[in-house]
2 protein chains.
Amino acid sequence: MAPRAAAKQIKTDTTRVVSDLETLIGYNMKRAYVAIQKDFRAALGEGGLSPRTFSALSLVVAHPNISQSSLARMLGIERSGLVAIIDELERRNFLTRSVVPDDRRIQALVATSDGQLAYHDTLATVQAHEDRLLADLSASDKETLMQLLKKIRLTDKEGL
Amino acid sequence: MAPRAAAKQIKTDTTRVVSDLETLIGYNMKRAYVAIQKDFRAALGEGGLSPRTFSALSLVVAHPNISQSSLARMLGIERSGLVAIIDELERRNFLTRSVVPDDRRIQALVATSDGQLAYHDTLATVQAHEDRLLADLSASDKETLMQLLKKIRLTDKEGL
DNA sequence: GCAAAACTGTTTACCTACTTAACAATATAC
DNA sequence: GTATATTGTTAAGTAGGTAAACAGTTTTGC
């Protein structure tokens with residue numbers, strides 16, 4: 001063995017070794033998501049919606065009278081986990097739980113006009129945040145990325 | 001307005017509306033990451049390493065004698081959050097905290113031979129899990145995805 | 001030389017975003 | 001009409017962190 005390299009290693013330890021970790025899609029995906037999420041929260045500020053609350057509101061706006069069960073299925077989470085999210089949106093007067101006469105188990109979720117306004121405002125802010133953060137990516141890069149992410153999403157049988 | 005469509009909406013509500021949510025990179029990234037993470041855990045089973053523990057071990061193997069501070073910086077987390085991870089790896093005899101005479105603040109992390117063995121085993125399992133999960137993606141798709149994810153990672157100034 | 005500042009590992013308390021298991025109310029199946 | 005399923009909900013637990021403070025130990029600035 002060559003003694004020249006060995007001596008350096010002991011002290012410096014600043015070897016530019018690219019670990020196996022960097023070659024894994026999962027690890028890079030997590031780090032990329034953390035970066036996006038951090039910027040999302042920064043863009044929406046102190047009183048802004050969290051990513052999950054925004055997602056829920058978005059689906060309620062897109063699907064008026066949706067039930068909590070359907071919504072949870074769409075979001076890929078458990079019904080029980082959705083309760084706190086809907087509680088928050090109701091507390092902020094962004095939606096209402098309204099009674100459905102046909103089936104009294106269900107409470108149809110409907111966005112209020114406040115909720116619709118807040119949603120469209122927030123959506124614009126979120127789109128601006130993504131445009132800014134991903135400014136280095138070309139339009140076709142973004143499209144490619146989107147397609148690949150959707151393909152990976154679909155590998156999860158549960159997540160509709 | 002056309003009355004034919006309106007009547008249907010009230011009851012069915014199963015409109016195939018693609019919400020704005022589906023057009024956001026951040027949302028799709030989260031869903032894709034959740035799918036990968038779920039499969040990672042399933043692949044490693046009950047007694048297997050968690051993603052974060054595996055990541056830490058990987059970097060300790062790649063960078064012998066690394067400090068906890070450097071490691072935390074590499075992982076993009078706080079020093080305090082790393083303690084529990086290193087505790088677990090030490091408890092499993094996968095690494096040791098060894099004293100550094102030059103600087104008594106630091107504890108050099110070194111993977112044991114058990115740790116190296118477990119790491120290489122686990123790495124093979126993780127690679128198999130990604131190969132299986134991402135079997136629908138071509139090699140060039142994976143390379144493209146990797147490059148895009150790394151680019152997005154770098155938008156986070158903190159995360160080295 | 002030496003006080004001030006910085007760095008390291010750690011504990012503690014907290015937070016977010018879930019899951020699992022149970023439950024009552026209600027609806028559907030057979 | 002009983003058995004089964006579904007809905008929303010609560011309670012308890014888990015995963016993966018952050019922020020603030022601390023003692024012990026260097027490093028800086030002069």
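The chains referred to below are lettered A, B, ... by the order of the sequence lines, with proteins before strands, and numbering in each begins at 1.
- Hydrophobic clustering (side-chain heavy atoms under 4.5 Å, transitive across Ile, Leu, Val, Met, Phe, Trp, Tyr) keeps A/F40 apart from B/I25.
- Looking at A/S58, its side chain never comes within 3.5 Å of a backbone N or O of A/F54 through a donor-acceptor pair.
- In this structure a side-chain-to-backbone donor-acceptor pair under 3.5 Å is present from B/N28 to B/E22.
- Put simply, the side chain of B/R79 never gets that close to the backbone of B/L71: no donor and acceptor are under 3.5 Å apart.
- Looking at the side chain of A/R105, the nearest of the listed nucleotides C/dA17, C/dT10, C/dA27 is C/dA27.
- Residue A/R73 places at least one side-chain N or O under 4.0 Å from the OP1 or OP2 atom of D/dT7.
- Taking side-chain N and O atoms only, B/R104 has no distance below 4.0 Å to OP1 or OP2 of D/dG24.
- Across residues 53-61 of chain A, not one residue has a non-hydrogen atom less than 4.0 Å from an atom of DNA chain C.
- The A/Q107 side chain lies nearest to D/dG8 when the options are D/dG8, C/dC18, C/dT11.
- Between the CD1 atom in B/I36 and the OG1 atom in A/T155 there is a gap of 7.0 Å [rounded to 0.5 Å].
- Position along DNA chain C of the nearest nucleotide to A/R52 versus A/P101 favours A/R52 as the more 5'-ward residue.
- In this structure, the helix from C/dG1-D/dC30 to C/dC30-D/dG1 shows an angle of 30° between the axis at its start and the axis at its end, each fitted on 5 base pairs and rounded to 10°.
- Taking side-chain N and O atoms only, A/S69 has a distance below 4.0 Å to OP1 or OP2 of D/dG8.
- Projected onto DNA chain C by closest heavy-atom contact, B/A108 and A/I77 fall at different nucleotides, the more 5' of which corresponds to B/A108.
- OP1 and OP2 of D/dT7 both lie 4.0 Å or more from every side-chain N or O belonging to A/R79.
- Put simply, B/S80 has no side-chain N or O that comes within less than 4.0 Å of OP1 or OP2 on D/dT18.
- Atom-to-atom, CD1 of A/I85 to C1' of C/dC18 comes out at 9 Å; the value is rounded to the nearest Å.
- Residue A/E78 is classed as a base contact, given a heavy-atom separation below 4.0 Å to a base.
- Residues B/Q37 and B/V100 both approach DNA chain D. Their nearest nucleotides, taken by heavy-atom distance, put B/Q37 toward the 5′ side.
- Rounded to the nearest 0.5 Å, atoms NZ (A/K30) and CD (B/Q37) are 7.0 Å apart.
- Contact check, A/S67 against D/dT7: no side-chain N or O comes under 4.0 Å of OP1 or OP2.
- Separating the OG atom in B/S55 from the CD1 atom in B/I85 is a distance of 8.0 Å, to the nearest 0.5 Å.
- Comparing atom distances between the A/V83 side chain and each of C/dG9, D/dT9, D/dG16 picks out D/dT9 as nearest.
- Residue B/R97 has a polar side-chain atom (N or O) positioned under 4.0 Å from OP1 or OP2 of C/dT10.
- Using a 4.5 Å heavy-atom threshold, the side chains of A/L149 and A/M29 count as touching.
- The nucleotide whose nearest atom lies closest to any side-chain atom of A/Q68 is, among D/dG8, C/dA17, C/dT10, D/dG8.
- The pair A/D136-B/K151 does not meet the salt-bridge criterion, since no charged nitrogen lies less than 4.0 angstrom from a carboxylate oxygen.
- When each of C/dG9, D/dT25, C/dA17 is scored by its nearest atom to the side-chain atoms of B/D103, the top-ranked nucleotide is D/dT25.
- For B/K30, a side-chain nitrogen or oxygen approaches OP1 or OP2 of C/dC18 to under 4.0 Å.
- Side-chain contact between B/M74 and B/I66 is present, with heavy atoms from C-beta onward closer than 4.5 Å.
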